[in-house]
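First the proteins, then the strands, lettered A, B, ... as listed; each starts at 1. Computation of the quantities below employed the complete heavy-atom set of this structure, encompassing side-chain atoms and omitting hydrogens, waters and symmetry-equivalent molecules.
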Number of protein chains: 2
Amino acid sequence: MNIKKLAKKLGLSITTVSRGLGGYSDVSETTRKKIIKFAKKYNYAPNPNASNLASRKTNTLGFVIPLYGLNSNKLNQASFFEFISGMSNKINSENIQFIMKFANTIEEEKKAYDNLIKVEKVNKVILHNLKKNDPRIKFLQKNKINFVGWGRTQGRINYPWVDLDNESSTNLIMQYLFDRNHRNIAFINVDEKYNFAYQRKQGYLKFLKKNKIKFKKENYISVAYENPDQVASVIEKKILKNSKITAIICSTEYSAAGAIKACNKANKKIGIDISLITFDGNVVNFITSPSLTAINHDRKVLGSKAIEILTSETKIKNNSYYLAKPEIIERGSVLTLKKSN
Amino acid sequence: MNIKKLAKKLGLSITTVSRGLGGYSDVSETTRKKIIKFAKKYNYAPNPNASNLASRKTNTLGFVIPLYGLNSNKLNQASFFEFISGMSNKINSENIQFIMKFANTIEEEKKAYDNLIKVEKVNKVILHNLKKNDPRIKFLQKNKINFVGWGRTQGRINYPWVDLDNESSTNLIMQYLFDRNHRNIAFINVDEKYNFAYQRKQGYLKFLKKNKIKFKKENYISVAYENPDQVASVIEKKILKNSKITAIICSTEYSAAGAIKACNKANKKIGIDISLITFDGNVVNFITSPSLTAINHDRKVLGSKAIEILTSETKIKNNSYYLAKPEIIERGSVLTLKKSN
DNA sequence: TTTAATTTCCAAAACGTTTTGGAAAACATT
DNA sequence: AATGTTTTCCAAAACGTTTTGGAAATTAAA
């Protein structure tokens, strides 16, 4: 079934059918209803190729997945799927075409964006995996492509984005531990080149400052995405050997995995000998016992908000954003200490 | 840049440029080279919409991701990404369009396939998450869509597929444990409605038969994809309480996670008090210590083979397939027992 | 040298839509 | 009844390709 046949069945012109389905005001309510009825009856959907071609535009969302990041950090794959789940409902109902590209290297990633814009002519992009200062933003703006950042660059922001409230997350965690009388709190982060890691550190530092606690260099480490055993060994040496530390914050599931592995080796029992609280933890908790107290964010909402911003009727404002609020989920890995002094 | 402008620059007709790029024999080698040179120079790539429309066909690969499966089993997400990684290299180089759809429910999954074929008019499909007897196969065959199964249905197969050699995997594991003098081996599987689970069980049963060991009902359980703690508790009660069992085979990372959690609770040390060997284990091993001995398959190759079959010059044969051979990776979780009697 | 066969090219039609620029019909106003 | 407005429709052009059915040019055969 195509529009020509459908028009014939309706006894109308192609134009009227097209405009009727498009919701234009120059087709009467009665005929529009009839058109829609027939379209459903004959299971008609416009050919996207013809439609894109004729209208000189697309309604296509492009998304480039940095496999190089996700393959080295398998524990982060879950949050990716959550985001996608949130997106997909909206995408299906809004009838957006969705093109996904996969990049095994940074070069491939660049090529993929180029291809999306130059060849596929997408008009919407989800920009993922933002660096502190990300050249792709200028590229997209120059090409006038609507996009939403999943994550943010640093400094002044002139584009729409959705993100976790990383700074208040660490702040919340610190308060939670503080209330339970922890004063020597280690923070295991990843490289600050990842903006979320930078933000999480800021929350940690600000809390210390606000509460007039001195920042101890030896309480903060950053681990690289590498072999799990190496990560564990770094944590064991630098954190677990330091007997003053009573609680550990893990900035990622990845570092939590390392910490658990390290605790196993060092024979320190989590929730008994030492307290641990992690970001996310949804994968780790499949395995580890006791289950970890964690700070959680709803990434499904992040995904659906991103699509919402991209499809909002009015022109996308450069200051639309959505900040997911964190929530602490108490499980069995944080001790309440006796008040010292 | 479009073909018209490019033709003008070349001083050739549109037809010749199109056919030159298409590799037709009715354009001379010299002009073809010139055309390709100019196309590169002016960064020309055919508009896929126009191309699809004009040629009455597409070169598009459709892939429906069953989020309902992956979200409930986060530990399986890694193998999905590996498969995708394998695909993506080939896809990028072959210049295939790639449309991905996400389904949160089985109904959505059905709709997604329908949409891919009726609306997007894809000519290739990766069929994932096959049930023992899967209605989608008939649907695709009826619509004459080229597809490759990632996984297989049961019984006689009349379509191309790529899959793990599940049966010989369990066989290999059993032999490995047998050689280390284990005779009471538990097998934790998932529901046999998943064909891979069925196949893995077959390998287990066949090994027993071949070696004249009686199948013990209490050594085999199947766990559902649900709350990790419930899984752990089932394993603790049904397997760990059975003191005769010296080794456990976990059919999925998911069940391995449950087993580890259960061992923690029961205070049984893996690799000391009990042996454990798992399928995959790439995620679990980020966390668990000692690292688990595992049986591994290269899913990247699976992905690239799937694309290879779909893009092979000759018409796709219904008996092309690729069977990934397993490999045991020794780590620290399997004991060698003393020979009894 | 003429004719036949082969190679190399191209004009025009087609794909299924959207959009433009009216025309006709219906309604409202004088 | 005549004119102006608004509503409702449509024919035709356009989008950027591929493909068809030759035509022209070249090469081979007679």
Side-chain angles (χ1 to χ4, degrees), chain A residues 1-39 42-60 95-97 115-123, chain B residues 1-39 42-60 95-97 115-123:
Chain A
M1 178 55 61
N2 60 24
I3 200 171
K4 206 172 161 184
K5 288 184 197 163
L6 189 66
K8 196 161 216 172
K9 294 230 184 249
L10 278 154
L12 288 168
S13 74
I14 290 176
T15 307
T16 304
V17 175
S18 171
R19 295 186 74 78
L21 292 170
Y24 286 82
S25 66
D26 63 355
V27 24
S28 73
E29 204 45 47
T30 35
T31 51
R32 189 215 311 302
K33 281 207 177 122
K34 204 174 149 200
I35 291 170
I36 289 171
K37 201 178 115 195
F38 271 60
Y42 292 104
N43 209 7
Y44 169 76
N47 178 323
N49 289 313
S51 166
N52 291 341
L53 190 61
S55 67
R56 270 139 277 218
K57 66 180 182 192
T58 64
N59 192 26
T60 310
N95 211 20
I96 300 169
Q97 279 186 84
N115 182 273
L116 280 179
I117 287 158
K118 299 279 170 60
V119 179
E120 304 285 357
K121 302 197 171 30
V122 303
N123 66 336
Chain B
M1 177 55 61
N2 59 23
I3 201 171
K4 206 171 161 185
K5 289 185 197 162
L6 189 67
K8 196 161 217 173
K9 295 229 184 251
L10 278 155
L12 288 168
S13 74
I14 290 176
T15 307
T16 305
V17 175
S18 172
R19 294 185 76 77
L21 291 170
Y24 285 82
S25 65
D26 63 355
V27 25
S28 73
E29 204 45 47
T30 36
T31 51
R32 188 214 313 301
K33 281 209 177 121
K34 204 175 150 200
I35 290 170
I36 289 171
K37 201 178 114 194
F38 272 59
Y42 292 104
N43 209 8
Y44 168 77
N47 178 323
N49 288 314
S51 166
N52 291 341
L53 190 60
S55 67
R56 270 138 276 214
K57 65 180 183 194
T58 65
N59 193 26
T60 310
N95 210 21
I96 301 169
Q97 280 186 83
N115 181 273
L116 281 178
I117 286 157
K118 299 280 169 60
V119 179
E120 304 285 357
K121 302 195 170 33
V122 304
N123 67 335

Any residue meeting side-chain hydrogen bond (donor to acceptor under 3.5 Å, both in side chains) with [X], in chain and number order, not counting sequence neighbours:
X: S51(B); result: none
X: T58(A); result: none
X: S25(A); result: none

Residues in salt bridge (charged side-chain N to carboxylate O under 4.0 Å, His left out) contact with K118(A), at least two apart in sequence or another chain: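 For K118(A) the salt bridge (charged side-chain N to carboxylate O under 4.0 Å, His left out) partners, ignoring immediate neighbours, are D114(A).
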Partner residues of A54(B) under the side-chain contact (heavy atoms from CB on, under 4.5 Å) criterion, sequence neighbours left out: none
Phosphate contact (dC10(C) OP1 or OP2) by T16(B) side-chain N/O below 4.0 Å: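 It does, given that an N or O in the side chain of T16(B) lies less than 4.0 Å from OP1 or OP2 of dC10(C).
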Short side-chain N/O contact to dC9(D) OP1/OP2 from S28(A), under 4.0 Å: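 S28(A) to dC9(D) OP1/OP2: side-chain N or O found under 4.0 Å.
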Pairs flagged by salt bridge (charged side-chain N to carboxylate O under 4.0 Å, His left out) wherever residues 2-22 of chain A is involved - sequence neighbours left out: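 Of all non-adjacent pairs touching residues 2-22 of chain A, those that pass salt bridge (charged side-chain N to carboxylate O under 4.0 Å, His left out) are R19(A)-D26(A).
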Residue pairs, two or more places apart or on separate chains, that pass salt bridge (charged side-chain N to carboxylate O under 4.0 Å, His left out) and touch residues 50-60 of chain A: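 Found none.
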The helix from dT1(C)-dA30(D) to dT30(C)-dA1(D): angle between end helix axes, five pairs per end, rounded to 10 degrees: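 Result, rounded to 10 degrees: 40°.
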Sequence-aligned protein contact record of nucleotides 12-22 of chain D, with B where the base is within under 4.0 Å of a protein heavy atom and S where only the sugar-phosphate is: B-SBBBBBB--
Atom-to-atom span, CG of L12(A) to C1' of dA24(C) - whole angstrom: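 Distance, rounded to whole Å: 15 Å.
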Integer-rounded Å distance: dC10(D) C1' and I35(A) CD1: 12 Å
Non-hydrogen side-chain atoms of T60(A) and L116(A) separated by less than 4.5 Å: no
